[in-house]
> 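Next up is a structure, given as structure tokens.
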Amino acid sequence: MRKDLIIRHIGLVILLNAFFLFIATLISGLKGESAFIPLLYSTLVALIFGCFPLLFVPRFDDLQTREGIVIVVSGWVVSCLIGMLPYLLWGGSFGIVNAWFESVSGFTTTGSSILIDVESLPKGLLFWRASTHWIGGIGIILFALLLFPRSGTSRLTLIRSELSDISQRSFRAKATDIFRIILFVYVGLTLLEVLFLTAAGMPFFDAIAHSFATVATGGFSTKNTSIAAFDSMTIELIVMFFMVLSGLHFGLLYATITGRRENIFRSPVARYYLLFLLVGVLLVALKLYVSDYTSLGRSFREAAFQVISLGTTTGFATTDTAAWPPLTRLVLVYFSIQCACVGSTSGGLKFDRVLIGLKSVKKQIRLFLHPNAVIVSKLGKLRISQEFEFFVFAFTVLYALVIAISTLIISALGIDLETAASAVIATLGNVGPGFGDVSSLGNYASLKSAAKMILTLDMLLGRLEMFSVLALFYIKK
Amino acid sequence: MKLRLKILSGFLLLVAMLIVAGGLSIIEFSKISRSVRDLLDDNYQSIQASQSMLEALEREDSGVLLLVHGNWNQGRNTIARADSVFQSNLRKARHNITETNERPLIDSIIKQYGRFNRIWEKPIAGTFKEENLTWYYQTSHQAFSTVKHSVNQLMSLNQKSMYQEATDLREKAKRAIMPGIVAILSAFIFSFLFNFFINHYLISPLERLIGQLENFRPDSLRLEAGIKTRDELKRLQDAINDLISRIKFSK
């Protein structure tokens with residue numbers, strides 16, 4: 001493995017961070033904020049570390065798969081380390097653990113926060129916080145490829161290493177085309193949302209920050225009470241619309257926009273996914289209404305927002321779900337585990353895997369009844385091989401195992417089971433809010449440092465879909 | 001890029017990082033020094049003045065009590081000395097307004113103190129007020145308590161502000177230290193990286209070149225040390241190869 005080459009690519013990733021840090025520095029400088037010097041210093045450190053490898057290491061155009069995996073995993077970790085610098089230097093409630101938590105939560109688009117008073121943060125830092133979402137949304141490496149185009153096999157290897165196996169299969173396009181499609185949809189959705197939110201009366205800065213968070217399915221808001229602070233039905237509808245879009249497969253969105261046959265309306269995954277969301281909204285809204293929680297209209301409004309927010313792993317809030325009846329919370333937990341579609345910016349188990357799992361169960365039942373039958377599972381027109389079914393099964397088992405182990409450790413630290421389990425589910429799925437002490441309008445500030453560190457590990461595992469991280473331990477073998 | 005430039009750039013970047021960290025620490029420490037000065041100049045002076053005013057008020061109250069008990073001379077002397085101390089400290093406080101709510105508070109102290117003044121300015125000893133403790137409690141002590149309360153409020157305002165400044169100082173100190181810590185850690189990582197690159201792109205190729213030269217056989221056509229960079233080492237390898245071919249050609 002060529003260490004120099006890996007360092008060079010990580011340098012490029014750091015330069016990508018330096019670019020966004022520079023914009024945040026400019027914002028802070030123009031506003032004369034206290035975050036100016038911390039951001040400037042972070043930019044300089046990032047620039048130095050980003051440029052230095054480029055001086056020594058010549059450009060390589062070939063890249064092995066294992067090198068690609070190391071670059072992707074280290075790129076994420078280094079980005080999170082660089083990302084914590086502005087918080088750490090600014091101070092306030094940011095100690096080392098809190099700064100790391102906020103940075104990892106930003107890059108992995110989890111959206112969990114340790115901040116009690118978000119509004120006290122300078123604009124520059126708020127922009128940086130939102131930027132970490134936007135950079136992490138489509139993947140740090142893919143973003144770096146946009147700023148520093150590569151050619152040859154290295155580009156291909158990096159794209160393949162960044163995207164999960166299931167995601168690559170689902171695109172049914174060449175790796176370089178996937179890159180182009182993702183970028184087109186990602187940037188397009190962001191610009192459109194900024195436009196709509198500004199038109200709906202949201203201040204421009206907030207519109208940018210919220211669009212970055214929505215399209216990346218992040219959840220960081222510039223307000224203490226998240227989207228509820230705007231108290232606007234129009235804004236809620238716009239955010240909900242873009243949350244749903246961001247949770248869909250970007251390839252399908254691209255096909256729909258460009259008028260191709262394989263579009264959202266023909267995709268069984270998209271259909272089922274939207275149906276599941278609708279059923280979830282109906283269930284939660286009716287339960288809220290029956291439980292005398294609030295009026296029918298308000299029940300639907302709040303239920304729709306929360307189900308979509310958690311179901312797409314965004315994590316914005318319009319109400320405190322901790323006060324909701326148990327059944328509704330259970331539905332939300334289910335959506336936090338299921339998450340959105342493959343090929344989107346969302347994290348977690350992903351709806352496609354749930355669907356493949358259900359199809360496998362159906363196949364096994366049929367095989368039980370007809371042992372000699374040859375049954376082929378299909379997802380739309382896509383044939384699901386047995387090998388792929390095993391892969392999905394292995395991923396699901398691993399996912400459940402991580403939830404169980406993390407919950408066990410966090411509970412052992414003296415945190416109640418509801419908070420521990422929901423925090424793990426919310427961070428592993430990159431959702432953001434959980435229940436108990438970490439509910440939608442609460443935050444993670446009160447958790448012990450050890451618990452925060454475990455949760456950040458879960459965030460990274462969830463974002464990198466676990467196998468990339470675990471593969472690191474097998475590379476030498 | 002030439003080797004000299006690579007090594008120089010490495011050192012320059014390291015120096016740049018340390019200069020920036022040092023510069024930022026200087027800026028932050030200057031802010032701390034300014035805050036300490038403000039803390040002493042603004043709040044501490046006002047707190048001191050308030051304390052002196054409170055002491056003066058207590059003495060004035062004792063002076064009034066002396067007058068009530070018929071000790072005219074002792075009472076008037078005590079009141080006059082205390083009044084002078086009170087007035088001079090009130091002037092200090094008036095000229096050191098630093099908080100937003102400080103001015104109305106001082107204005108009310110002036111007004112209330114004036115009311116208290118008027119009570120003891122009039123004769124007490126030898127009038128119906130002498131030995132009249134009811135008058136003392138209901139009129140003089142009441143006025144004294146009102147002024148005292150306002151002075152206490154002034155002191156508390158400045159104490160709160162001082163506490164806030166001290167808290168901010170702690171934050172500023174943290175901000176001053178952090179660039180240093182980050183610079184130390186960065187310098188450590190940077191040195192490690194620099195060492196790695198020097199070893200990988202300078203020492204190792206040189207060792208390979210030396211090894212190739214030591215094991216060079218007369219029948220070999222050229223020397224290949226696997227140098228991929230376009231620097232002096234590559235030129236050295238090419239020059240050696242050139243020399244080999246010239247020697248072979250001359251034979």
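Sequence lines set the chain letters: A, B, ... in the order given, protein chains first and strands last, and positions in each chain run from 1. Because the structure is a prediction, the values reported are computed rather than measured.
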> Between A:Val57, A:Leu47, A:Leu40, which shows the greatest number of heavy-atom pairs under 4.5 Å with chain B?
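Ranked by contacts with chain B, first place is A:Val57.
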> More than 12 heavy atoms of other residues, nucleotides or ligands under 6.0 Å from NZ of A:Lys3: is that the case?
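At most 12 heavy atoms, drawn from other residues, nucleotides or ligands, come within 6.0 Å of this atom.
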> Identify which part of B:Leu193 has an atom lying under 4.5 Å from any heavy atom of chain A, answering side chain, backbone, both or neither.
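Both parts, backbone and side chain.
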> Around atom CZ of B:Arg94, are there more than 12 heavy atoms of other residues, nucleotides or ligands at under 6.0 Å?
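Result for CZ/B:Arg94: open.
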> Look at the aromatic rings of A:Phe56 and B:Tyr201 and report parallel, tilted or perpendicular, splitting at 30° and 60°.
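Tilted: the ring planes of A:Phe56 and B:Tyr201 meet at 30° to 60°.
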> Is any side-chain heavy atom of B:Leu13 less than 4.5 Å from a side-chain heavy atom of A:Leu55?
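Heavy-atom side-chain distance check passes, below 4.5 Å.
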> More than 12 heavy atoms of other residues, nucleotides or ligands under 6.0 Å from CZ of A:Phe205: is that the case?
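Check passes, neighbour count above 12.
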> Do any of residues 80-100 of chain A come closer than 4.5 Å to chain B, heavy atom to heavy atom, and if so which ones, in number order?
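Residues A:Leu85, A:Leu88, A:Leu89, A:Trp90, A:Gly91, A:Gly92, A:Phe94 are the ones that qualify, each having a heavy atom under 4.5 Å from chain B.
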> Please name the pair of heavy atoms, one in B:Ala183 and one in A:Tyr41, separated by the smallest distance, quoted to 0.1 Å.
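Nearest heavy atoms, B:Ala183 then A:Tyr41: CB-OH, 3.3 Å.
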> Is it the backbone or the side chain of A:Ile48 that comes under 4.5 Å from a heavy atom of chain B, or both, or neither?
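Both backbone and side chain.
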> Is the number of heavy atoms from other residues, nucleotides or ligands within 6.0 Å of NZ (B:Lys111) greater than 12?
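No - once you tally the heavy atoms of other residues, nucleotides and ligands closer than 6.0 Å, there are 12 at most.
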> To the nearest 0.5 Å, tell me how far A:Ile37 CD1 sits from B:Lys31 NZ.
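NZ of B:Lys31 is found 4.5 Å from CD1 of A:Ile37.
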> Counting only heavy atoms closer than 4.5 Å, note whether B:Ile181 contacts chain A via side chain, backbone, both or neither.
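Neither; nothing under 4.5 Å.
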> Checking A:Pro53 against chain B: side chain, backbone, both or neither under 4.5 Å from a heavy atom?
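Both backbone and side chain of A:Pro53 come within 4.5 Å of chain B.
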> For B:Ser186 and A:Phe49, work out which heavy atoms get closest and say how close.
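Heavy-atom minimum between the residues: O-CZ, 3.3 Å.
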> Taking side chain as everything from C-beta outward and backbone as N, CA, C, O, which of these in B:Phe196 sits under 4.5 Å from a heavy atom of chain A? Side chain, backbone, both or neither.
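For B:Phe196, the contact with chain A is made by the side chain alone.
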> Residue by residue, scan residues 101-124 of chain A and write down, ordered by number, those that have a heavy-atom distance under 4.5 Å to chain B; if none do, write 'none'.
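So far as heavy atoms go, nothing in residues 101-124 of chain A approaches chain B to under 4.5 Å.
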